[in-house]
Participant: 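Below you will find the structure I want to go over with you.
Owing to the predicted nature of the structure, the values given are computational and were not obtained by experimental measurement. Side chains are part of it too, since the values below use all heavy atoms of this structure and drop only hydrogens, waters and symmetry mates.
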Amino acid sequence: MTVPHHALEITLTRPLSRSALRHAARELPIATNHDTTRLMALVHAKDPQRATHRLRHRLGPRLPIDVITTHYPDAGHQVLLNVAFPPATHTALKAHADRAHQTPEHFVELALRRALTEHTDRERDRLDRAVRSLLAHTDPAHLLSAVGHALTRLPERPTL
């Protein structure tokens with residue numbers, strides 16, 4: 001299904017001043033978080049790639065944009081990531097991609113997938129060690145009950 005508008009999230013390299021925010025909002029309606037480092041925009045385009053390109057073209061000169069992402073995953077559960085690298089970084093990235101016989105986009109995608117997989121594996125291993133340590137001092141039923149109790153309690157204040 002083709003959606004004429006795409007929800008995009010913009011991560012900024014620094015907070016915006018009120019005047020910069022007003023100036024950008026004249027170009028495209030945007031919503032901001034509490035410290036103006038993350039923005040949301042709806043962009044009319046045929047596909048997410050065109051939407052991110054259009055957003056960067058319209059707001060890039062006005063805002064310190066670091067990253068643009070699609071807010072909602074696509075049918076394949078993927079989120080589009082749009083990053084504008086500085087020229088030196090782009091040149092180095094292109095050289096590495098050329099040596100790997102890949103496009104820079106595919107090279108970055110594979111590197112990100114590897115990094116996320118490694119992070120997931122490390123986190124799984126860390127949690128496994130923690131659970132095994134807890135099980136060394138209690139039985140599984142008590143641990144499961146304690147985890148269930150902890151998960152059902154609301155935090156007293158938001159976690160950062």
Side-chain angles (χ1 to χ4, degrees), residues 1-131 147 150-151 154-155 157-160:
M1 179 173 127
T2 303
V3 178
H5 287 88
H6 300 275
L8 301 177
E9 184 169 349
I10 307 161
T11 304
L12 304 175
T13 56
R14 65 180 185 282
L16 289 180
S17 66
R18 287 180 190 251
S19 64
L21 183 59
R22 277 193 308 271
H23 184 67
R26 282 188 217 125
E27 181 64 33
L28 188 69
I30 52 178
T32 181
N33 70 333
H34 70 284
D35 67 357
T36 66
T37 56
R38 292 173 56 198
L39 311 174
M40 289 293 298
L42 283 177
V43 178
H44 181 77
K46 288 184 179 180
D47 57 54
Q49 292 82 358
R50 289 180 185 173
T52 58
H53 177 77
R54 183 170 291 157
L55 177 68
R56 190 171 291 278
H57 178 75
R58 289 178 71 181
L59 295 181
R62 293 167 178 78
L63 299 176
I65 296 175
D66 191 21
V67 177
I68 301 171
T69 61
T70 49
H71 187 65
Y72 299 108
D74 62 15
H77 307 288
Q78 301 294 308
V79 173
L80 180 66
L81 179 68
N82 179 288
V83 181
F85 293 110
T89 303
H90 187 268
T91 301
L93 182 62
K94 185 165 177 3
H96 286 291
D98 287 346
R99 281 195 293 278
H101 305 291
Q102 298 169 346
T103 64
E105 293 82 6
H106 188 65
F107 184 80
V108 169
E109 179 183 350
L110 291 177
L112 283 171
R113 286 183 188 275
R114 275 193 304 273
L116 289 171
T117 299
E118 289 172 11
H119 171 74
T120 300
D121 291 347
R122 283 192 309 272
E123 183 66 4
R124 185 191 59 239
D125 291 345
R126 183 189 68 79
L127 290 171
D128 187 54
R129 287 190 305 275
V131 167
V147 168
L151 291 174
L154 294 176
R157 60 182 126 164
T159 56
L160 301 176

Participant: Compare every heavy atom of Thr70 with every heavy atom of Pro48, then report the nearest pair and how far apart it is.
Facilitator: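 So the two residues come closest at CB-CG2, 3.7 Å.
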
Participant: Provide the closest heavy-atom pair for Leu55 versus Ala41 in the form atom of the first, atom of the second, distance.
Facilitator: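 So the two residues come closest at CD1-CB, 4.3 Å.
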
Participant: According to salt bridge (charged side-chain N to carboxylate O under 4.0 Å, His left out), who are the partners of Glu123, at least two apart in sequence or on a separate chain?
Facilitator: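 Salt bridge (charged side-chain N to carboxylate O under 4.0 Å, His left out) list for Glu123, sorted by chain: Arg126.
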
Participant: Which pair of non-hydrogen atoms, one from Thr37 and one from Asp35, has the smallest distance, and what is that distance?
Facilitator: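 Minimum heavy-atom contact is OG1-OD1, 2.7 Å.
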
Participant: Going by ring-ring contact (aromatic ring centres under 6.0 Å, His included), name the pairs with one or both residues in residues 13-51, residues two or more places apart or in two chains.
Facilitator: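 For residues 13-51: His5-His44.
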
Participant: To the nearest 0.5 Å, tell me how far Ile68 CD1 sits from His6 NE2.
Facilitator: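 Nearest 0.5 Å value for the CD1-NE2 distance: 13.5 Å.
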
Participant: Can Asp74 and Leu80 be said to form a side chain to side chain contact (heavy atoms under 4.5 Å, CB included), step by step?
Facilitator: CA-CA 8 Å; Asp74 62 15; Leu80 180 66; over 6 Å; no

Participant: For residues 101-113, which residue pairs qualify under side chain to side chain donor-acceptor pair (under 3.5 Å), counting only residues two or more places apart or in two chains?
Facilitator: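 Listed by first then second residue: Gln78-Arg113, Glu109-Arg113.
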
Participant: Could you list the residues that satisfy side-chain contact (heavy atoms from CB on, under 4.5 Å) with Thr32, not counting sequence neighbours?
Facilitator: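 Here the qualifying residues are Leu21, Thr36, Leu39.
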
Participant: Taking side chain to side chain donor-acceptor pair (under 3.5 Å) as the cut-off, I'd like each qualifying pair that reaches into residues 54-66, sequence neighbours left out, listed once.
Facilitator: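 Side chain to side chain donor-acceptor pair (under 3.5 Å) check on residues 54-66 returns Glu27-Arg58, Glu27-Arg62, Arg56-Asn82.
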
Participant: Considering residues at least two apart in sequence or located in another chain, which fulfil the side chain to side chain donor-acceptor pair (under 3.5 Å) criterion with Arg122?
Facilitator: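 With neighbours one apart ignored, the set is empty.
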
Participant: Kindly state each residue pair satisfying side chain to side chain donor-acceptor pair (under 3.5 Å) with at least one member in residues 83-99, sequence neighbours excluded.
Facilitator: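 Sorted result for residues 83-99: Lys94-Asp98, His96-Arg99.
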
Participant: Nearest 0.5 Å please: distance from the CD1 atom of Ile30 over to the CG atom of Leu42.
Facilitator: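 Reported to 0.5 Å precision, the distance equals 12.0 Å.
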
Participant: Which residues pass the side chain to side chain donor-acceptor pair (under 3.5 Å) test with Arg22, sequence neighbours left out?
Facilitator: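 So Arg22 forms no side chain to side chain donor-acceptor pair (under 3.5 Å) with any residue.
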
Participant: Could you measure the distance from the CD1 atom of Ile10 to the CE atom of Met40? Nearest 0.5 Å is fine.
Facilitator: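 One gets 8.5 Å once the value is rounded to the nearest 0.5 Å.
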
Participant: Side chain to side chain donor-acceptor pair (under 3.5 Å) with Ser17: which residues, sequence neighbours excluded?
Facilitator: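 Ser17 satisfies side chain to side chain donor-acceptor pair (under 3.5 Å) with Ser19 once adjacent residues are dropped.
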
Participant: According to side-chain contact (heavy atoms from CB on, under 4.5 Å), who are the partners of Asp121, at least two apart in sequence or on a separate chain?
Facilitator: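 By the side-chain contact (heavy atoms from CB on, under 4.5 Å) rule, Asp121 matches Thr117, Arg124.
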
Participant: According to salt bridge (charged side-chain N to carboxylate O under 4.0 Å, His left out), who are the partners of Asp128, at least two apart in sequence or on a separate chain?
Facilitator: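 For Asp128, the residues satisfying salt bridge (charged side-chain N to carboxylate O under 4.0 Å, His left out) (neighbours in sequence not counted) are Arg132.
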
Participant: Mind checking what makes side-chain contact (heavy atoms from CB on, under 4.5 Å) contact with Val67, not counting sequence neighbours?
Facilitator: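 Once residues adjacent in sequence are excluded, the partners of Val67 under the side-chain contact (heavy atoms from CB on, under 4.5 Å) criterion are Thr11, Thr69, Leu81, Val83.
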
Participant: Nearest heavy-atom pair of Leu63 and Ala24: which atoms, and what distance?
Facilitator: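 For Leu63 and Ala24, the tightest heavy-atom pair comes out as CD2-CB, 3.6 Å.
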
